[in-house]
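Heads up: the structure comes next, in structure tokens.
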Amino acid sequence: MPKTGFTFKPLSSSASATQVPSSDQNPGSEVTNNVSIPKVRVFTRKKRVRKTVDVVKENPTAENKEHSGRSLPDIEEFAYKKVDRPALSGKSKSTFGKLNMGTDIASSVAMEGKAPANWEKVLEGIRKMRSSEDAPVDTMGCEKAGSVLPPKERRFAVLISSLLSSQTKDHVTHGAIERLTQNHLLTPDAMDKADEATLKDLIYPVGFYTRKATNMKKIAKLCLMKYDGDIPSSLEELLLLPGIGPKMAHLVMNIAWNDVQGICVDTHVHRISNRLGWVSRPGTKQKTLYPEETRVALQQWLPKEEWVPINPLLVGFGQTICTPLRPRCDICSITEFCPSAFRETSSPSSKVKKSGARKKL
DNA sequence: CTCCCGACTG
DNA sequence: CAGTCCGGAG
């Protein structure tokens, strides 16, 4: 991949491990330095085809697809998003009940705020396992590359990169950022003026590009109008931006502002922390139900120096060994400290009703 | 819960 | 080829 100046690499705390040598990079990237070209290069490959699957969801109760309750109740402090979310109270309760089961991994669960036994050995063990294989998840690959930009631009780039990186492979995110950069659209000003359709085409392969293009424009405008072209500097204000939730907000605080307000918890950190018995619901031995709950619990005992590195560490571990499905306990070196080792317990988001149910007849 | 997008997996 | 992946929002 040609790196034309900006080589930002967002802390892809999610996807990215898996290879994907896919021959398709971006076919038009021979655009080296025609800086003067005012027009935007549009993606012409693979047509975006709507799936138009005329699936008549005759079974609205989604028998499979059991997410792990993504939305959270208003757990403690600021951290939680925009306005007040009324929901969660009544409805999803039944679902949570189900997810809640099988949580006896608590033998070594940390007592409120107290560090679980051997956590240092566990971390060390994971580090070892990670170093042996080529960890694709390098955390701050950005600070070195992004530093070529003035602070303000760099922060904006970090914010946009974070937005684009969710649910998207690293190389894809990188390509999108590169295209935006080449077209001089990686600034609040330009982005605000740009066509939404143009942005959409430029970021194309990233996940949820349509929604992200919309969010990018809104974010650019907000940065312009409320923050003088800079990005919000607090967690609360970052959370107010469309498309920026707890996970990304912490990531941006860490990288863009170098101000560690909290741990960036994604599903890997969430799942593994629970498997290890590192966190539990307040006052219980139950697994935490939401990433935010995990974050709070983890922050109660994990030394602050580990707050940032814990993410890339567990993400890499979670993608290669402690996987959601069929974790590789057989090759894991810390099973002696893991209450969940060799248990089919699977992830926090258990998979109860699933294959057993009938498809569509 | 469901949708958003698409690439990958069993 | 249905199910997974996994962050955010409604």
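Chain letters run A, B, ... following the sequence lines, proteins first, then strands; residues in each count from 1.
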Ring-on-base stacking between A/F208 and C/dG7, under 5.5 Å between centres and under 30° between planes: is it there? yes

Would you measure the distance from the [atom1] atom in [N] across to the matching atom in [M] and give it in whole Å?
N: C/dC5; M: B/dC1; atom1: P; result: 14 Å
N: B/dC8; M: C/dG8; atom1: P; result: 23 Å
N: C/dT4; M: B/dT2; atom1: C1'; result: 16 Å
N: B/dA7; M: C/dA9; atom1: C1'; result: 23 Å
N: B/dG6; M: C/dG10; atom1: C1'; result: 22 Å

Which whole-number value in Å describes the distance from [X] [atom1] to [N] [atom2]?
X: A/L240; N: C/dA9; atom1: CG; atom2: C1'; value: 14 Å
X: A/L164; N: C/dC6; atom1: CG; atom2: C1'; value: 16 Å
X: A/D170; N: B/dA7; atom1: CG; atom2: P; value: 16 Å
X: A/R326; N: B/dT9; atom1: CZ; atom2: P; value: 12 Å
X: A/I272; N: C/dC5; atom1: CD1; atom2: P; value: 13 Å
X: A/E292; N: C/dA9; atom1: CD; atom2: P; value: 12 Å
X: A/L238; N: C/dG7; atom1: CG; atom2: P; value: 17 Å
X: A/K169; N: B/dC5; atom1: NZ; atom2: C1'; value: 12 Å

Given [options], identify the nucleotide with an atom nearest to the side chain of [X].
X: A/Y209; options: B/dC5, C/dG7, C/dC6; value: B/dC5
X: A/L325; options: B/dC5, C/dG8, C/dC5; value: C/dC5
X: A/T210; options: B/dC5, C/dG8, C/dG7; value: B/dC5
X: A/R211; options: C/dG7, C/dC5, B/dC4; value: B/dC4

Partners meeting ring pair (Phe, Tyr, Trp, His ring centres under 6.0 Å) with A/W307 (sequence neighbours left out): none

Phosphate-side-chain proximity, A/Y204 and B/dC5, N/O vs OP1/OP2 below 4.0 Å: no

Look at A/T267 and C/dC5 and indicate whether a side-chain polar atom (N or O) is within less than 4.0 Å of OP1 or OP2. no

salt_bridge(A/E124, A/R127) N-O dist < 4.0 Å: yes

State whether A/E196 and A/K221 are salt-bridged, where the test is any N-O pair (Lys NZ or Arg NE/NH1/NH2 against Asp/Glu carboxylate O) under 4.0 Å. no

Residues which pass side-chain hydrogen bond (donor to acceptor under 3.5 Å, both in side chains) with A/D228, listed by chain and number, not counting sequence neighbours: none

Counting N and O atoms only, with roles assigned by atom type, does the side chain of A/T214 sit under 3.5 Å from a partner on the main chain of A/T210, one being a donor and the other an acceptor? yes

